[in-house]
Amino acid sequence: MPYQLHYWPTIQGRGEFVRLALEAAGADYVDVARLPEAEGGGESALGERLGDPDSARPAFAPPFLVDGDIVVGQTAAILLYLGPRLGLSGVGESDGLWTHQLQLTIADAVAEAHDTHHPISVGAYYEDQRDAAMLRAKAFREERIPKFLDWFECVLQRNPAGSQHLVGDTLTYADLSLFQLVDGLRYAFPKASARALAATPAVEKLHANVKRRQRVRDYLQSPRRIAFNEDGIFRRYAELDG
């Protein structure tokens, strides 16, 4: 049976980190909410599964993955589950834990990127918290983007197997997720990310290398890859890029 990914059908969001892993591994999966309702898809199917009163272990929010009787929520937990099954978590327990730690740090960066445009409330419009967003974005682009990317640069440079990957000498879901983080930052903060990437050449090279991988390239050029937009995590508001 194919993996069933449940996520919103019109944004990349946090579900994109899971999509990239599934696509890069050539896994058989269904993006449920993007299927027609006649085929059991659509947002209604997502809502029904999310609100299922008979679920003993309900997910808090999308994304969540269904694999037979197993349901896994939270992006990092989904990737922790998929990693060894897709050959994307390195070799052995130590590599697996390190890959997971890297993913959790990426999740921190993603949360901070989101909070630049919604610093007060996720339930309020950006326009209703624009002044606070300007302040939050200034700190993010001047302090936090460089700090995160500098750390990943350090991880790449210290990898005993070389700076081509974050973990060992093979592709992991951490590489794919760092690619997505950089792609998102380039979209939302083109000027700030260009400055930070100029100081982190190994991170920039990893991004380019991941993008050139055949399955990733095919995915990025396909209609399955949803374009960045101002409903997702990474949003382009020119005033927030300084």
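This is a predicted model, so every value here is computed, not measured.
Using a 4.5 Å cut-off on side-chain heavy atoms (C-beta onward), Ile226 and Tyr7 make no contact. Taking the side chain as every heavy atom from C-beta outward, Val216 and Glu23 never approach each other to under 4.5 Å. In this structure the side chain of His207 reaches within 4.5 angstrom of the side chain of Asp183, judged on heavy atoms. Looking only at side-chain heavy atoms (C-beta outward), Phe152 and Leu102 come within less than 4.5 Å of each other. A 4.5 Å side-chain heavy-atom check between Leu82 and Val18 finds at least one atom pair inside the cut-off. Considering only heavy atoms from C-beta on, Glu230 comes within 4.5 Å of Arg236 through its side chain. For the pair Tyr173/His100, a side-chain contact is recorded, criterion being any heavy-atom separation below 4.5 Å from C-beta on. Residues Val167 and Asn159 fail the side-chain proximity criterion, which asks for heavy atoms closer than 4.5 Å.
Ring geometry for His117 versus His114: interplanar angle over 60°, hence perpendicular rather than tilted (30 to 60°). Below 30°, between 30° and 60°, or above 60°: for Phe228 and Phe234 the angle between ring planes is above 60°, a perpendicular geometry.
The two residues Ala21 and Leu79 have their closest heavy-atom pair at CB-CD2, 3.7 Å. Closest heavy-atom contact between Ile120 and Ala132: CD1-CB, 3.7 Å. A pairwise comparison of heavy atoms in Arg213 and His165 identifies NH1-CE1, 4.5 Å as the closest pair. Here the shortest heavy-atom pairing between Gly15 and Leu5 reads O-CD2, 4.2 Å. Across all their heavy atoms, Ala196 and Leu149 have their closest contact at CB-CD1, 3.8 Å. A pairwise comparison of heavy atoms in Asn209 and Gln164 identifies ND2-OE1, 3.0 Å as the closest pair.
For the pair Glu153 (side chain) and Ala199 (backbone), a donor-acceptor distance under 3.5 Å is absent. Under the 3.5 Å distance criterion, the side-chain polar atoms of Gln157 are left unmatched by any main-chain donor or acceptor of Ser163. The backbone N or O of Asp231 lies less than 3.5 Å from a partner atom in the side chain of Arg235, making a donor-acceptor pair. Formation of a donor-acceptor pair under 3.5 Å by the Gln129 side chain with backbone atoms of Ala124 is found in this model. Judged purely by atom type and a 3.5 angstrom limit, Asp175 uses its side chain to pair as donor or acceptor with the backbone of Leu166. No donor-acceptor pair under 3.5 Å is formed between the side chain of Arg14 and the backbone N or O of Pro62. With hydrogens and angles ignored, the 3.5 Å screen pairs a side-chain donor or acceptor of Ser222 with a backbone N or O of Tyr219.
For Glu127, the CD atom is densely surrounded, since the number of other residues' heavy atoms within 6.0 Å is greater than 12.
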Under 3.5 Å donor-acceptor pairs involving side-chain atoms of residues 32-61, not counting sequence neighbours:
from: Arg34; atom 1: NH1; to: Arg224; atom 2: O; distance (Å): 2.6
from: Arg34; atom 1: NH2; to: Pro223; atom 2: O; distance (Å): 3.2
from: Asp52; atom 1: OD1; to: Asp54; atom 2: N; distance (Å): 2.9

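Separating the CZ atom in Arg141 from the CG atom in Leu185 is a distance of 13.0 Å, to the nearest 0.5 Å. Rounded to the nearest 0.5 angstrom, Leu171 CG and Leu176 CG are separated by 4.5 Å. We find the CG-OH distance between Asp31 and Tyr3 to be 15.5 Å, quoted to the nearest 0.5 Å. The structure places CD1 of Ile145 at 11.5 Å from CG of Asp150, a figure rounded to the nearest 0.5 Å. Separation of atoms CH2 (Trp98) and OG1 (Thr172) is listed at 11.0 Å; rounding is to 0.5 Å. We find the NE2-OH distance between His118 and Tyr126 to be 10.0 Å, quoted to the nearest 0.5 Å.
Under the 4.5 Å side-chain heavy-atom criterion for ILVMFWY residues, a single connected hydrophobic cluster contains both Leu178 and Trp151. Leu197 and Tyr187 fall within a single hydrophobic cluster, where Ile, Leu, Val, Met, Phe, Trp and Tyr side chains are chained together by heavy-atom contacts under 4.5 Å. Neither Met134 nor Tyr125 shares a network with the other; the hydrophobic side chains, linked directly or stepwise wherever heavy atoms of I, L, V, M, F, W or Y lie under 4.5 Å apart, form separate groups for each. Criterion: ILVMFWY side-chain heavy atoms under 4.5 Å apart, direct or through other members. Under it, Val110 and Tyr237 are part of a common hydrophobic cluster. Cluster annotation: Leu65 is connected to Leu86 through the hydrophobic network of ILVMFWY side chains, with a link wherever side-chain heavy atoms come within less than 4.5 Å.
The existence of a salt bridge linking Arg19 and Glu16 is confirmed by a sub-4.0 Å separation between a basic side-chain nitrogen and an acidic carboxylate oxygen. At a threshold of 4.0 Å, the pair Glu143-Lys147 does not count as salt-bridged, since none of the basic side-chain nitrogens sits closer than that to a carboxylate oxygen.
For Glu112, the side chain to side chain contact (heavy atoms under 4.5 Å, CB included) partners are Phe140, Arg144, Phe148, not counting sequence neighbours. Checked against ring-ring contact (aromatic ring centres under 6.0 Å, His included), Phe64 has the following partners two or more places apart in sequence or in another chain: His6.
Remark: Arg85 qualifies as a cation-pi partner of Tyr81 under the 6.0 Å distance and 45° angle criteria applied to the six-membered ring.
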